[in-house]
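Just so it is clear, the values below take in all heavy atoms, side chains as well, and ignore hydrogens, waters and symmetry mates. Protein chains get the first letters and strands the later ones, always in sequence-line order, with residue 1 at the start of each.
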Protein chains: 2
Amino acid sequence: MEEQNKKILLVEDDPNFGTVLKDYLMMNDYDVVHAKNGMEGFEKFKKDDYDLCILDVMMPYKDGFTLAKEIREKNTDVPIIFLTAKAMKEDVLKGYKVGADDYLNKPFDSEVLLMKIKAIMQRKATDSVADSKQFEFKIGRFDLNSKLRFLKFDGGEPTKLSPKENELLRLLALHENDLMPRELALTKIWRDDNYFTSRSMDVYIAKLRKYLKPDPKVEILNIHGEGFRLVVNGNDK
Amino acid sequence: MEEQNKKILLVEDDPNFGTVLKDYLMMNDYDVVHAKNGMEGFEKFKKDDYDLCILDVMMPYKDGFTLAKEIREKNTDVPIIFLTAKAMKEDVLKGYKVGADDYLNKPFDSEVLLMKIKAIMQRKATDSVADSKQFEFKIGRFDLNSKLRFLKFDGGEPTKLSPKENELLRLLALHENDLMPRELALTKIWRDDNYFTSRSMDVYIAKLRKYLKPDPKVEILNIHGEGFRLVVNGNDK
DNA sequence: TGCTTTTGTTAATGTAAGGTTAAACCTAAT
DNA sequence: ATTAGGTTTAACCTTACATTAACAAAAGCA
């Protein structure tokens, strides 16, 4: 069973410490992107989705709090851990009320950091009441429950979906009525883009079409050379 | 608002080190009971409820692992932290698979210990939102009494459940209609996640299905690669 | 138009996960 | 020492998935 590694954005200006920390986290099966300052950190953040941000507070140009604020403007959900100097009191930190999930005084025990990360990730995982919306879709007369991997037609018997079927349909639903680029699915779901994965994806499209047949208003259209489009007719706009 | 201090059982044979550690923990607002060896540790454990156990591994008469095993028989939930010699490798420790929540190499940084304690307490606190003191469940036409380990059909003769059967069914019931991840049961009940424990779990699923057969509306569904789902049909929504 | 590339669909294949039953193994209690 | 209850391991079988192959049909392009 393969599980996707969690992605961490690490923003730390001290190159030595940053590199060591990055390596340590990667050894513990996290995907880590290391930015050397606040600017770069924000650029990287915009370019990708992260499960967690670890921000050094003391940085030139753009400090951790300012960066956090910008990040929050784009995404209210990512957990943030601040690395602070020993001296700082907690109440000082609270003043910035930017919604930190944790603070860690430098220097810190790397194991402690790991634990905090785990705890936060787990909390987020169980929190999912909030983002359950991302897992349930109405597609014409169908209901897709992407967490439990089933598709229901008119509230009847649910059809089980395989992981790939499920993820693909979910991606299409996320882009309902819009182009879902081939490449997006391939990189997100298959994590590889070549002739064979592409053919495999086509096979899955065929399967999904079969599942969706009961509702004639629901179609998966191909946009030649570009990707696919899940449309629900009558859902005009 | 008054909050009760957390209670810690400390089992450590070195009187000096033990006393120092005890004082340190008490200074940090924990109630600490200090036992000087494994025997005494177990006696004290039986006499009271603890939020956490800190066990030295290397002790005369009864080592920490043996003690932990006894503790686990009485209580599957208390978090346990082991104090180990530097030399011990983690995989050696895992062999004992007694469900440690953490290991700490002696000598260790007392602040690190504090943080680990905090982390564990917090984890327990959030865990228990879900599975707190719930021991009675209605599952279709069944009643599960998880404290007394029996399952009743239509209020008739109760079927006795073995500890593992019971815990597994309870976990499923806690997640009724929702995914109960395989991994969750394995780490919570078997305290180890490998091929064999996983197969063992499957055996238990089969047993539970047999028990639940009398009510056709109750099913344990598999979600391939993810886990199981206890559903009660007609309990729609 | 004819040729190439992309997509549609179905079937075949290989592997991993899960289902089930029975035997082996442990351990506590007799 | 024997036994009974509980659990794990083994063995064998079925189902679920993903990939690849094979061939057909569209779409784009020269």
Side-chain angles (χ1 to χ4, degrees), chain A residues 1-4 148-151 158-169 172 179-183 185-186 188-213 219-230, chain B residues 42 66 69-70 72-74 76 95-99 148-151 159-169 172 179-183 185-186 188-213 219-230:
Chain A
M1 187 182 60
E2 174 86 298
E3 201 181 332
Q4 179 54 22
L148 300 176
R149 294 206 330 240
F150 67 68
L151 185 66
T159 311
K160 289 210 246 181
L161 298 180
S162 87
K164 288 254 151 74
E165 291 165 354
N166 176 57
E167 289 190 70
L168 185 54
L169 184 51
L172 286 164
L179 171 67
M180 196 282 291
R182 230 192 155 75
E183 194 213 335
L186 290 172
K188 277 219 169 198
I189 302 177
W190 277 265
R191 321 204 157 277
D192 189 15
D193 181 348
N194 62 45
Y195 172 76
F196 289 108
T197 51
S198 192
R199 295 321 330 279
S200 195
M201 171 171 169
D202 288 332
V203 170
Y204 278 91
I205 291 287
K207 293 183 185 188
L208 291 182
R209 284 193 175 123
K210 207 173 279 178
Y211 289 141
L212 296 173
K213 212 162 249 169
E219 293 176 282
I220 297 176
L221 304 181
N222 174 255
I223 298 174
H224 200 89
E226 301 286 334
F228 294 91
R229 201 156 83 90
L230 174 68
Chain B
F42 192 51
T66 312
K69 226 173 174 181
E70 293 176 350
R72 277 277 174 265
E73 272 165 29
K74 292 217 54 105
T76 49
Y96 291 90
K97 58 177 176 184
V98 74
L148 302 175
R149 295 207 332 243
F150 68 68
L151 186 65
T159 312
K160 287 207 258 181
L161 297 180
S162 83
K164 288 252 151 72
E165 291 166 352
N166 176 56
E167 289 191 69
L168 185 54
L169 184 52
L172 285 165
L179 171 67
M180 197 282 291
R182 237 192 147 74
E183 196 212 334
L186 290 173
K188 278 219 169 201
I189 302 178
W190 277 266
R191 298 178 180 285
D192 190 16
D193 181 348
N194 63 44
Y195 173 76
F196 289 108
T197 51
S198 193
R199 298 322 325 282
S200 192
M201 171 171 170
D202 288 334
V203 170
Y204 277 90
I205 291 288
K207 293 183 186 192
L208 292 182
R209 286 196 174 120
K210 212 171 276 176
Y211 288 141
L212 296 173
K213 211 163 249 170
E219 293 177 281
I220 298 177
L221 303 181
N222 175 255
I223 298 176
H224 199 92
E226 301 284 336
F228 294 91
R229 197 157 84 91
L230 174 69

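- Closest to the side chain of A:Arg182, from the set C:dG18, C:dT7, C:dG8, is C:dT7.
- Between the P atom of D:dA16 and the CG atom of B:Leu221 lies a distance of 12 Å, rounded to the nearest Å.
- The CE atom of A:Met180 lies 4.0 Å from the CG atom of A:Leu172; values are rounded to the nearest 0.5 Å.
- Comparing A:Leu161 and A:Tyr195 against DNA chain D, the residue whose closest nucleotide sits nearer the 5' end is A:Leu161.
- Taking atom CZ on A:Arg229 and atom P on C:dT7, their separation rounds to 16 Å, with Å as the unit.
- Between the side chain of A:Arg209 and the backbone N or O of A:Ile220, at least one donor-acceptor pair lies under 3.5 Å.
- Where B:Asn222 and B:Lys207 meet DNA chain C, the nucleotide closest to each residue was compared, and B:Asn222 sits on the side nearer the 5' end.
- You'll find that the side chain of B:Val203 is closest to C:dT20, out of C:dA11, C:dT20, D:dC17.
- Taking atom CD of B:Glu183 as the reference point, atom P of C:dG18 lies 13 Å away to the nearest angstrom.
- C:dT7 atom P lies 14 Å from atom CD1 of A:Ile220, rounded to whole Å.
- Rounded to the nearest 0.5 angstrom, B:Ile205 CD1 and B:Lys207 NZ are separated by 12.0 Å.
- Remark: B:Lys164 is not in phosphate contact with D:dG5, judged by side-chain N or O atoms under 4.0 Å from OP1 or OP2.
- Using a 4.0 Å cut-off, some side-chain N or O of A:Trp190 falls inside it from OP1 or OP2 of D:dT19.
- In this structure, of D:dT8, D:dC17, C:dT9, it is C:dT9 that holds the atom nearest to the side chain of A:Ala206.
- Residue B:Ser162 is in sugar-phosphate contact alone, with no base atom involved, counting any heavy-atom pair closer than 4.0 Å across all strands shown.
- Counting any heavy atom pair closer than 4.0 Å across all strands shown, A:Phe228 reaches sugar-phosphate atoms only and no base atom.
- Taking atom CG on B:Asn194 and atom C1' on D:dT8, their separation rounds to 11 Å, with Å as the unit.
- Contact annotation for B:Asp202: base contact, defined as any heavy-atom pair under 4.0 Å involving a base atom.
- Picking from D:dT9, C:dG18, D:dT19 the nucleotide with the shortest atom distance to the side chain of A:Ser200 gives D:dT19.
- Using a 4.0 Å heavy-atom criterion, one finds that B:Arg199 contacts the bases of the nucleic acid, with or without backbone contacts as well.
- Note that the OH atom of B:Tyr204 and the CZ atom of B:Phe228 stand 14.5 Å from one another [nearest 0.5 Å].
- Using a 4.0 Å heavy-atom cutoff across all strands shown, A:Lys210 reaches sugar-phosphate atoms only and no base atom.
- Look at CD1 on B:Ile205: it is 18 Å from P on D:dT15, rounded to the nearest Å.
- In this structure, A:Leu208 atom CG and C:dT9 atom C1' are separated by 13 Å, rounded to whole Å.
- Residue B:His224 contributes atom NE2, which lies 17 Å from atom P of D:dT14 at whole-angstrom precision.
- Judged by distance alone, with hydrogens and angles left aside, the side-chain atoms of A:Asn222 form a donor-acceptor pair with the main-chain N or O of A:Gly227 at under 3.5 Å.
- Rounding to the nearest 0.5 angstrom, the gap separating the CG atom in B:Leu169 from the CZ atom in B:Arg149 is 13.0 Å.
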